[in-house]
2 protein chains.
Amino acid sequence: MVSAYNCDSGCPVQNTLQFISGKWKSVILYHIFKNNVLRFSELQAKLPYVSKRMLAKQLSELETDGIVAKRVYPVIPVKTEYRMTTFGESLRPVIKAIEQWGSEHTDEIGVLANTQIQENH
Amino acid sequence: MVSAYNCDSGCPVQNTLQFISGKWKSVILYHIFKNNVLRFSELQAKLPYVSKRMLAKQLSELETDGIVAKRVYPVIPVKTEYRMTTFGESLRPVIKAIEQWGSEHTDEIGVLANTQIQENH
DNA sequence: CTGAATCCACGTCGATACTG
DNA sequence: CAGTATCGACGTGGATTCAG
């Protein structure tokens, strides 16, 4: 399985999603954009609801996709840093747009929170 | 289960994702934005890789989230149309940013396509 | 034509324990 | 500290069938 199924789907939107979909990727990128550099534990602190397993996996995918760069310091205990690559930097406008919409519409969020959609078995 | 777990997560990016994550939602929105109005079958044609079941489900979620509006014509056979609501319209810049990145980076896509990441059991 | 319902194989993800 | 390995419960989504 390729990390993000990277291939030209013919649809520009789909092409972008191949990189930033994945449950928490956009949020991770958002935080790295905001802080430039983040350690693994710092990301964990900023995303308390994301399990360590998931965080590691998403970061690893972002890394093999060339979006973030991991820098490991061979000290004890180990210290790692994550930052955007040049390629990853190009995603800033996308994350920015997502962030902006989110902050402009906090009031509209939650008003529909009672609608129920189940997929019962 | 709420359709998109709509609630203020405190993170603007996360708030947006609650609406447009979901495997195919962004692509669906992209096509509706581009065509203003689309029938169910037209969306199916534009998204051949999405099963009818999934398309219906994603559309239903977008509808209960107040992003798209469904209009049903009581003719036989039934005819339905999907279009953006005013609320949904506000997402246009977000989809636009995603689309733009995708079309600007078609060349960078696929070059890493051989990296393998497995989650074997 | 537009869905909803059912079945079922498969993937995903949290919890836990372990390594360097 | 920063991951990886394993397990097990759960969710997801395709195929198919049914209905208005």
Side-chain angles (χ1 to χ4, degrees), chain A residues 1-5 14 17-18 21-28 31-32 35 37-64 68-83 115-121, chain B residues 1-5 14 17-18 20-28 31-32 37-64 68-83 115-121:
Chain A
M1 174 192 285
V2 172
S3 68
Y5 316 100
Q14 195 53 37
L17 291 182
Q18 292 171 349
S21 74
K23 233 175 170 195
W24 309 109
K25 284 185 187 174
S26 305
V27 197
I28 294 174
H31 285 291
I32 301 186
N35 297 276
V37 181
L38 282 177
R39 302 187 50 176
F40 187 87
S41 50
E42 291 172 328
L43 275 166
Q44 267 193 296
K46 291 181 184 304
L47 306 169
Y49 43 91
V50 180
S51 70
K52 190 167 65 165
R53 181 194 192 291
M54 267 302 101
L55 183 56
K57 208 168 93 171
Q58 305 269 353
L59 280 170
S60 135
E61 288 188 14
L62 288 170
E63 193 193 357
T64 71
V68 304
K70 171 161 73 169
R71 190 172 298 179
V72 182
Y73 296 89
V75 295
I76 296 183
V78 184
K79 166 180 173 178
T80 62
E81 287 177 347
Y82 292 90
R83 69 199 71 210
T115 317
Q116 302 288 322
I117 292 191
Q118 279 279 356
E119 169 155 7
N120 295 318
H121 281 190
Chain B
M1 173 193 284
V2 173
S3 68
Y5 315 101
Q14 196 53 37
L17 290 182
Q18 291 171 348
I20 64 169
S21 75
K23 234 176 170 192
W24 308 109
K25 284 186 187 173
S26 305
V27 198
I28 293 174
H31 284 290
I32 301 187
V37 181
L38 282 177
R39 300 189 50 177
F40 186 86
S41 49
E42 291 173 328
L43 276 166
Q44 265 193 296
K46 292 181 184 307
L47 307 169
Y49 43 91
V50 180
S51 70
K52 191 171 63 166
R53 181 195 193 289
M54 267 301 100
L55 183 55
K57 209 168 90 171
Q58 304 269 3
L59 280 170
S60 136
E61 289 188 14
L62 288 171
E63 193 194 357
T64 70
V68 303
K70 171 161 73 169
R71 190 172 297 179
V72 183
Y73 296 89
V75 295
I76 295 181
V78 184
K79 167 179 173 179
T80 63
E81 287 177 347
Y82 292 90
R83 69 199 69 209
T115 318
Q116 303 287 321
I117 291 191
Q118 280 277 357
E119 169 156 7
N120 295 318
H121 278 190

Notebook entry, point to check: In whole angstrom, what separates A/Lys70's NZ from D/dC1's P?
Noted result: 16 Å

Next item on the list: Give a yes or no on whether the backbone of B/Gln18 and the side-chain of B/Ser21 come within a donor-acceptor separation of less than 3.5 Å.
Entry: no

Next item on the list: Would you kindly give the NZ-to-C1' distance between B/Lys57 and D/dG14, to the nearest whole Å?
Entry: 11 Å

Checklist line | Shortest non-hydrogen contact between A/Leu55 and A/Val50, atoms and distance | finding: N-CG1, 3.8 Å

Margin query: Just the rounded figure in Å: distance from P of C/dT12 to CD of A/Gln58.
Written below: 11 Å

Item checked: Student check: side-chain heavy atoms of A/Lys25 and A/Glu61 closer than 4.5 Å -> yes

Check: For B/Val78 and B/Arg39, which heavy atoms make the closest approach, and how far apart are they?
Finding: O-NH2, 4.0 Å

Checklist line | Nearest-angstrom distance from the residue atom CD of B/Glu63 to P of C/dA4 | finding: 9 Å

Checklist line | Least distance between heavy atoms, A/Ile28 atom then A/Gln58 atom | finding: CD1-CB, 3.7 Å

Next item on the list: Measure the distance from CE on A/Met54 to P on D/dG3 and round it to the nearest whole Å.
Entry: 14 Å

Margin query: Any base atoms under 4.0 Å from B/Tyr73, or only sugar-phosphate, or nothing? Heavy atoms, all strands.
Written below: nothing

Margin query: Using OP1 and OP2 only, check whether a side-chain N or O of A/Ser41 sits under 4.0 Å from D/dA2.
Written below: yes

Check: What's the CG-P distance between B/Leu47 and D/dG13, to the nearest Å?
Finding: 14 Å

Next item on the list: Please name the pair of heavy atoms, one in B/Ser26 and one in B/Ile20, separated by the smallest distance, quoted to 0.1 Å.
Entry: OG-O, 3.1 Å

Next item on the list: Determine the minimum heavy-atom distance between B/Tyr82 and B/Val68, stating which atoms define it.
Entry: CD2-CG2, 4.3 Å

Note to self: Of the options D/dA15, C/dG14, D/dG3, whose atoms approach the side-chain atoms of A/Phe40 most closely?
What the structure shows: D/dG3

List every contact pair, protein side and nucleotides 18-20 of chain D side both N or O, where the distance is under 3.5 Å.
none

Notebook entry, point to check: Starting at CZ of A/Arg53 and ending at P of C/dC18, how long is that distance when rounded to a whole Å?
Noted result: 18 Å

Note to self: Measuring from the side chain of A/Thr80 (C-beta onward, heavy atoms only), which nucleotide among C/dA4, C/dC13, D/dG3 has the closest atom?
What the structure shows: D/dG3

Margin query: Using whole Å, what does the distance between atom P of nucleotide C/dT2 and atom OH of B/Tyr82 come to?
Written below: 8 Å

